[in-house]
Each structure stands twice: as C-alpha cells, then as structure tokens.
Novice: 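First the structure, then my questions, so here it is.
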Amino acid sequence: MSAIGRAIWFIESHFKSDISLDEIAETAGLSRFHLSRVFGMTTGHSISSYIRSRRLSEAALALTDGSSSILQVALDAGYGSHEAFTRAFREQFGMTPESLRKQGHVRNLALQEPIRMDDTRLPKLEAPRFETHPAMLLAGLAETYAYEATQAIPSLWQKFNQHFGHIPGQIGNVAYGVCTQAEEGSESFRYMSAAEVSAADGLPEGFVTTKLPQQRYAIFTHRGHISGISATVHQIFGDWLPQSGQQHAGTPDMMERYDDRFDPRTGMGVTEIWIPLKA
C-alpha cells in the first residue's frame with residue numbers, strides 16, 4: 001500500500017475521533033510537511049477538508065436515520081455546539097441539519113465517499129535521471145488554488161500561452177509549471193505558468209517572477225494526457241521519495257517542464273516532473 005493509501009486507511013479508521021496530522025504522517029511514513037503537500041496533490045483534497053467532509057457526510061446519514069438528536073449527531077461529528085455544527089453543515093451541503101432531517105433522504109447531497117487508492121492501476125513509474133540545473137529566473141502568471149479547486153489551472157495556461165514565445169527576454173521554447181505551498185499550514189498552493197527569462201524588464205501586465213537557485217533535481221517522465229499527471233505525482237511522493245533515501249529540498253514542491261514533446265492543444269505528450277533534492 002502506498003503512503004497516501006496508508007494515510008487514507010488511518011483517516012477512515014479514526015476520523016470520528018480527534019486525530020492529529022502527526023499521527024497520520026507517522027502511519028504514512030512521511031513527514032508532516034510532505035504528507036500535507038502530497039495528499040493534496042494526489043487526492044485533490046487537503047487533509048483537514050477531507051476529514052471534515054467525511055465527518056459531515058456521516059452526520060448527514062445519521063440525521064436521516066433519525067435515531068439520535070441533532071445535538072448528539074453534532075457532538076459525534078466533533079462539534080461542540082449546535083450552532084457550529086449547523087454553520088459547517090450548511091457550508092458543506094447548502095442546507096441545515098433540521099432541513100435534512102425533515103427531508104429524510106440524502107439523494108440530493110454530494111456526500112464525501114471514502115477515497116479509494118487503487119495502486120494496481122497506477123502507471124509504472126520510470127526511473128528518474130538526476131541533474132544539477134543552473135539558477136533560473138522564471139516569469140509568468142500565478143494564482144493560488146485550493147487543492148479541491150484546481151479546475152481553473154488550464155485557463156491560467158490559456159492566458160499564459162497568449163504571451164508564450166514573445167515574452168521579453170524569453171530563453172528557449174520551454175514552459176514550466178511551478179508548484180509551491182501558499183504559506184505554512186495553508187490548505188492551498190500557488191501555481192505558476194512560466195518561461196525562463198534573462199531579466200525582469202518589460203514583462204506583460206500581471207506577470208510575476210520567481211528566482212530558483214542552482215539546484216539538484218530528480219527528473220521523472222509522465223507520458224500521455226496531462227490530466228493523469230496526479231497519478232505519477234502520487235507515485236513519486238508517496239512511494240519513490242520515502243524509499244529513495246533522498247530528501248526534498250523544500251521549494252518549489254515540484255516543477256513541470258513542457259518542451260516540444262508536449263502538445264498544449266491536445267494535452268498529450270511527454271511532461272517532465274522535476275523534484276528538488278537536498279545536495
């Protein structure tokens with residue numbers, strides 16, 4: 001079972017009680033730092049939002065069962081008051097616990113089912129190559145996304161591609177997707193569509209820059225449609241990194257590299273995934 005699979009198993013076995021990130025990380029065999037990042041990139045959920053959604057989904061089922069009071073359901077779900085439970089429940093499902101109990105069914109609710117990680121269906125991970133790359137100045141467009149709301153990333157690329165190829169000072173014909181955690185403890189990440197540039201002068205409106213130091217990378221290959229890249233990332237962070245004896249350098253989380261082997265029109269081709277490593 002992969003590291004993320006072990007984390008999900010632990011959450012599903014204990015989410016009705018108070019569990020800490022340290023406990024989940026210990027079971028997964030990852031540090032707190034990497035578990036938070038890898039879980040989000042792999043599943044599309046932050047750990048806290050997944051636990052919250054599972055608790056509220058179980059609470060919704062209990063409410064339609066009718067055997068417990070709403071306050072008892074709230075307490076069982078980890079909420080200390082009826083008011084806090086009602087507020088969270090409405091945010092999750094768009095209706096109050098009282099309305100659901102009166103309705104008597106959950107057919108119109110998007111319940112959070114347990115995530116099932118089928119490791120047997122993951123593509124075979126190709127062995128990485130290792131490369132020390134010189135410092136780079138990248139320029140492009142960046143947005144912050146919740147792990148549960150990454151659907152807008154393709155539109156960021158669409159905006160960036162209007163400039164790609166004629167960005168002032170652009171070096172080469174390679175595009176980069178740079179992932180970094182928004183801030184310590186955040187449930188979101190910053191994604192940047194970028195190209196290497198020689199200087200930060202004269203950039204289009206809205207462009208930002210980031211300077212990456214000379215860095216040693218493990219470089220993996222993802223083949224096929226870009227929509228399947230999360231499965232490759234899952235194997236890199238969930239299996240390869242913990243078993244490799246290597247240590248992640250901290251920032252960026254990872255970098256996607258798109259050269260002429262990738263077709264941005266169809267989303268098909270070869271994408272390289274660069275993981276920064278400590279020397």
Side-chain angles (χ1 to χ4, degrees), residues 1-2 4-25 27-28 32 35-119 121 143-156 181-183 185-189 191 227 230-231 234:
M1 184 182 291
S2 69
I4 301 305
R6 293 193 296 271
I8 292 170
W9 174 88
F10 186 84
I11 291 169
E12 288 300 321
S13 301
H14 301 86
F15 72 79
K16 291 186 178 181
S17 59
D18 289 332
I19 52 177
S20 68
L21 183 58
D22 285 327
E23 292 175 296
I24 303 170
T27 300
R32 286 167 44 108
L35 175 64
S36 297
R37 298 183 176 200
V38 178
F39 194 93
M41 288 189 289
T42 301
T43 68
H45 300 271
S46 67
I47 292 174
S48 62
S49 70
Y50 179 67
I51 293 173
R52 182 172 59 250
S53 296
R54 290 291 293 125
R55 286 174 174 167
L56 290 170
S57 294
E58 290 294 307
L61 295 172
L63 287 167
T64 57
D65 176 70
S67 58
S68 300
S69 68
I70 293 178
L71 179 58
Q72 188 58 54
V73 172
L75 294 173
D76 290 345
Y79 292 88
S81 69
H82 186 290
E83 293 75 18
F85 176 59
T86 297
R87 184 167 55 252
F89 197 89
R90 185 188 290 115
E91 289 175 356
Q92 183 77 20
F93 298 119
M95 65 189 309
T96 65
E98 289 81 4
S99 298
L100 179 62
R101 170 147 284 181
K102 184 176 180 180
Q103 174 179 282
H105 66 81
V106 295
R107 292 190 294 273
N108 58 329
L109 299 189
L111 300 182
Q112 176 64 61
E113 300 292 339
I115 296 173
R116 289 178 171 82
M117 301 299 298
D118 186 357
D119 295 343
R121 300 183 61 183
E143 293 287 351
T144 298
Y145 300 94
Y147 288 116
E148 296 84 359
T150 60
Q151 302 90 335
I153 288 180
S155 70
L156 182 71
Q181 192 171 30
E183 57 186 42
S186 172
E187 295 186 357
S188 59
F189 68 100
Y191 186 89
S227 61
S230 63
H234 170 208

Novice: Measure the spacing between CZ of Arg101 and OG1 of Thr96 and express it to the nearest 0.5 Å.
Specialist: 11.5 Å

Novice: Within the distance-only criterion (no hydrogens, no angle test), does the side chain of Tyr50 pair as donor or acceptor with the backbone N or O of Phe39 below 3.5 angstrom?
Specialist: no

Novice: Between the main-chain N or O of Ser17 and the side-chain N or O of Arg55, is there a donor-acceptor pair closer than 3.5 Å?
Specialist: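 Indeed, once roles are kept as given, a pair shorter than 3.5 Å links the two residues.
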
Novice: Under the side-chain contact (heavy atoms from CB on, under 4.5 Å) rule, what do Phe85 and Ile70 come out as? Steps first, then yes or no, please.
Specialist: CA-CA 9 Å; Phe85 176 59; Ile70 293 178; 4.2 Å; yes

Novice: I need the Lys16 NZ to Ile11 CD1 distance, nearest 0.5 Å.
Specialist: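 Rounded to the nearest 0.5 Å, the NZ-CD1 separation comes out at 15.0 Å.
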
Novice: Going by the angle between their ring planes, with limits at 30° and 60°, are Phe189 and Tyr191 parallel, tilted or perpendicular?
Specialist: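 Taking Tyr191 first and then Phe189, their aromatic rings stand perpendicular (interplane angle over 60°).
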
Novice: Any idea which heavy atoms bring Ser57 and Gln112 closest together, and the distance?
Specialist: OG-N, 2.7 Å

Novice: Between Ile51 and Ile24, does the side-chain contact (heavy atoms from CB on, under 4.5 Å) criterion hold? Intermediate values first, please.
Specialist: CA-CA 11 Å; Ile51 293 173; Ile24 303 170; 4.1 Å; yes

Novice: Using a 3.5 Å distance criterion without hydrogens, assess whether the side chain of Ser49 forms a donor-acceptor pair with backbone atoms of His45.
Specialist: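 Answer holds: no.
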
Novice: For the side chain of Ser188 and the backbone of Thr144, is there at least one donor-acceptor N/O pair under 3.5 Å apart?
Specialist: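 Not at all, since once roles are kept as given, no pair shorter than 3.5 Å links the two residues.
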
Novice: Which heavy atom of Ala59 sits nearest to which heavy atom of Ala77, and what is that distance?
Specialist: CB-CB, 4.3 Å

Novice: Quick check for you: to the nearest 0.5 Å, what is the distance between Leu71 atom CG and Thr86 atom OG1?
Specialist: 10.0 Å

Novice: So, the side chain of Glu23 versus the backbone of Ser20: is there a donor-acceptor pair under 3.5 Å, distance only?
Specialist: yes

Novice: At their closest point, which heavy atom of Leu56 faces which heavy atom of Ala88, and how far apart are they?
Specialist: CD1-O, 3.8 Å

Novice: What closest approach, in Å, do Ala60 and Val106 show between heavy atoms, and which atom pair accounts for it?
Specialist: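 So the minimum-distance heavy-atom pair works out to O-CG1, 3.9 Å.
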
Novice: Which heavy-atom pair separates Leu35 from Ala7 by the least distance, and what is that distance?
Specialist: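 Result for this residue pair: CD1-CB, 4.0 Å.
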
Novice: If you apply the rule side-chain contact (heavy atoms from CB on, under 4.5 Å), what do you find for Lys102 with Met95, and how did you get there?
Specialist: CA-CA 11 Å; Lys102 184 176 180 180; Met95 65 189 309; over 6 Å; no

Novice: Please test Ile4 against Ile115 for side-chain contact (heavy atoms from CB on, under 4.5 Å), starting from the C-alpha separation and ending with a verdict.
Specialist: CA-CA 10 Å; Ile4 301 305; Ile115 296 173; over 6 Å; no

Novice: Once rounded to the nearest 0.5 Å, what's the spacing between atom CD of Gln92 and atom CG of Leu111?
Specialist: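 Taking CD in Gln92 and CG in Leu111, the distance rounds to 9.0 Å.
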
Novice: Before you tell me yes or no, could you show the steps for Glu58 and Arg54 under salt bridge (charged side-chain N to carboxylate O under 4.0 Å, His left out), namely the whole-Å CA-CA distance, both residues' side-chain angles and the distance that decides it to 0.1 Å?
Specialist: CA-CA 6 Å; Glu58 290 294 307; Arg54 290 291 293 125; 3.7 Å; yes

Novice: To the nearest 0.5 Å, what is the distance between CG on Leu61 and NE2 on His105?
Specialist: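 If I round to the nearest 0.5 Å, the distance is 13.0 Å.
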
Novice: Taking everything shown except Asn108 itself, do over 12 heavy atoms lie less than 6.0 Å from its CG?
Specialist: yes

Novice: Please report the interatomic distance CZ(Phe93) to OG(Ser99), rounded to the nearest 0.5 Å.
Specialist: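 The CZ atom of Phe93 sits 13.5 Å away from the OG atom of Ser99.
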
